[in-house]
Amino acid sequence: MPSSPESNYPYLLFERHMKNPNNGSVSKCQNTYFMDGGHRFISLPNLGNTSTKSASHISRVFEDWLQNKLYHQSNTDERLPILEDSVELLAEDIVNKLKSRNSVRGLTGLQQIYIQLRAGHVYSYNSLKEEGQPIITADMQDFFQQFPLFIEITIYTIPRETIEYCYESDDDIQLLLSIENVTIDITDPYYIMDSIQLIV
C-alpha cells in the first residue's frame, strides 16, 4: 500500500538532510550487487565513494546479510530473491542485523546513518542515473544474462561530533533505511526508522 506524503514527512526530512550535497560532514559509500536469481551474486563498487571505516563496516554487514539471505533461499521457492519478498520483512531483518552485537561494535563514533536500497531487473538499472554507477553497456549482455537482478546499497553516515540534527538521545545512533523496487515503482520507497544503542 502506498504511503501518504504526511506519514513519510519525517523520513523525507531525514533523507534530505543526509543527501544534502552541501553537508560536508556526510560520507557516502555505494555498492551494487548483481544476482543470478539463485545463490550467487557479484559486487561492483561504485565510483566516487568517500567511504569511512564505519561505512565500510556497514557495507560488510549488509553483504553478510545478503549472502545468508540468498544461501538460505530454497531451491523450490519460485519467487525472485529480494524483488518478490516483503519489503517490510526485508527492512526489519536488515535493521535487526545492524542492531546485533557484532554489528554495533563497528558503529562507534557515528550519530546518523541513512541506508538506501534499490533493487530490480538489470534493464531498469541505468534509469537510476546516479553519479558513479557502473554503466551497463551492450558488450556486457552475456554477463547480465547470468546475473539479471541487482540490488544497490548507498550508505550515508555522519560522525557524532559534527551533528546538529537529532531525534534521539545522544547515546543512540539514528538510523533510516529505505527500500525501493525500481522495477515496480521507483516513486514509493518503503521507509523504516529506528535507533541503535551502542551498548548491547
Side-chain angles (χ1 to χ4, degrees), residues 11 14-15 17-19 25-36 38-73 81-83 85-120 130 132-134 147 149-163 167-169 171-182 189-200:
Y11 310 138
F14 190 103
E15 179 183 36
H17 168 69
M18 297 297 286
K19 297 176 79 170
S25 61
V26 175
S27 296
K28 176 182 174 182
C29 176
Q30 192 172 51
N31 281 286
T32 306
Y33 301 88
F34 294 96
M35 304 175 290
D36 68 350
H39 303 310
R40 297 187 303 158
F41 67 89
I42 291 178
S43 171
L44 294 180
N46 293 33
L47 301 176
N49 283 343
T50 57
S51 182
T52 62
K53 182 179 179 180
S54 297
S56 296
H57 169 74
I58 296 170
S59 183
R60 288 193 298 272
V61 170
F62 174 77
E63 188 166 316
D64 183 62
W65 171 86
L66 179 61
Q67 184 176 24
N68 285 324
K69 171 73 177 170
L70 297 181
Y71 180 78
H72 289 102
Q73 184 87 1
I82 313 296
L83 272 68
D85 290 329
S86 161
V87 291
E88 293 89 348
L89 294 178
L90 287 175
E92 289 178 10
D93 200 25
I94 294 169
V95 168
N96 287 335
K97 179 76 173 180
L98 288 167
K99 294 172 74 172
S100 67
R101 183 181 299 272
N102 288 338
S103 171
V104 166
R105 291 193 184 110
L107 303 179
T108 303
L110 292 182
Q111 180 69 58
Q112 290 182 315
I113 303 168
Y114 170 47
I115 300 174
Q116 181 182 37
L117 295 175
R118 300 192 290 186
E130 286 286 334
Q133 277 185 326
F147 296 89
L149 311 175
F150 77 89
I151 182 167
E152 176 190 79
I153 179 171
T154 309
I155 303 163
Y156 301 86
T157 58
I158 292 181
R160 181 172 299 274
E161 62 269 15
T162 64
I163 201 67
Y167 284 123
E168 305 291 343
S169 73
D171 296 329
D172 295 337
I173 299 172
Q174 302 157 33
L175 169 67
L176 177 66
L177 173 70
S178 68
I179 301 180
E180 301 170 65
N181 186 330
V182 300
Y190 174 80
Y191 291 96
I192 183 171
M193 184 175 280
D194 208 334
S195 59
I196 301 175
Q197 295 182 344
L198 288 176
I199 300 176
V200 295

For this session: Test side chain to side chain contact (heavy atoms under 4.5 Å, CB included) on Met18 and Ile158 and set out the steps.
Result: CA-CA 8 Å; Met18 297 297 286; Ile158 292 181; 3.6 Å; yes
Roughly how far, to the nearest 0.5 Å, is the [atom2] atom of [Y] from the [atom1] atom of [X]?
X	Y	atom1	atom2	answer
Leu83	Phe150	CG	CZ	8.0 Å
Leu90	Leu177	CG	CG	9.5 Å
Ile94	Ile179	CD1	CD1	4.5 Å
Leu175	Ile196	CG	CD1	4.5 Å
Glu152	Thr32	CD	OG1	4.5 Å
Thr108	Arg160	OG1	CZ	8.5 Å

Exercise. Of all residues at least two apart in sequence or in a different chain, which pass the side-chain contact (heavy atoms from CB on, under 4.5 Å) check with Asp93?
Worked result: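 Applying side-chain contact (heavy atoms from CB on, under 4.5 Å) to Asp93 gives Trp65.
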For this session: Could I get the full list of side-chain contact (heavy atoms from CB on, under 4.5 Å) partners for Asn96, not counting sequence neighbours?
Result: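 By the side-chain contact (heavy atoms from CB on, under 4.5 Å) rule, Asn96 matches no residue at all.
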Do [X] and [Y] have side-chain heavy atoms sitting under 4.5 Å apart?
X	Y	result
Pro189	Arg118	no
Leu89	Asp85	no
Thr52	Thr157	yes
Leu110	Ile58	yes
Glu92	Ile192	yes
Glu15	Leu176	yes
Phe147	Arg40	yes

I'd like to know if the side chain of [X] pairs up with that of [Y] as donor and acceptor (distance under 3.5 Å, no hydrogens or angles considered).
X	Y	value
His39	Gln67	no
Tyr114	Thr154	no
Glu63	Tyr33	yes
Gln30	Gln116	no

For this session: Take Leu98 and Ile115 through the side chain to side chain contact (heavy atoms under 4.5 Å, CB included) test and state the conclusion after the steps.
Result: CA-CA 11 Å; Leu98 288 167; Ile115 300 174; 3.5 Å; yes
If you take all heavy atoms of [X] and [Y], which pair is closest and at what distance?
X	Y	answer
Ser54	Gly106	OG-O, 3.6 Å
Asn102	His57	O-CE1, 3.8 Å
Ser86	Glu88	OG-OE1, 3.0 Å
Ala55	Ile155	O-CD1, 3.7 Å

For this session: Show the numbers, then the answer: is there a side chain to side chain contact (heavy atoms under 4.5 Å, CB included) between Asn181 and Val87?
Result: CA-CA 9 Å; Asn181 186 330; Val87 291; 5.7 Å; no
Exercise. Side chain to side chain contact (heavy atoms under 4.5 Å, CB included) between Ile82 and Lys69: does it pass, once the steps are laid out?
Worked result: CA-CA 9 Å; Ile82 313 296; Lys69 171 73 177 170; 3.9 Å; yes
Exercise. Would Tyr191 and Phe14 count as a close aromatic pair, with their ring centres under 6.0 Å?
Worked result: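 No, the ring centres sit 6.0 Å or more apart.
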Problem set entry | Short side-chain to backbone donor-acceptor contact, Ser100 and Lys97, under 3.5 Å |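 A pair under 3.5 Å: yes.
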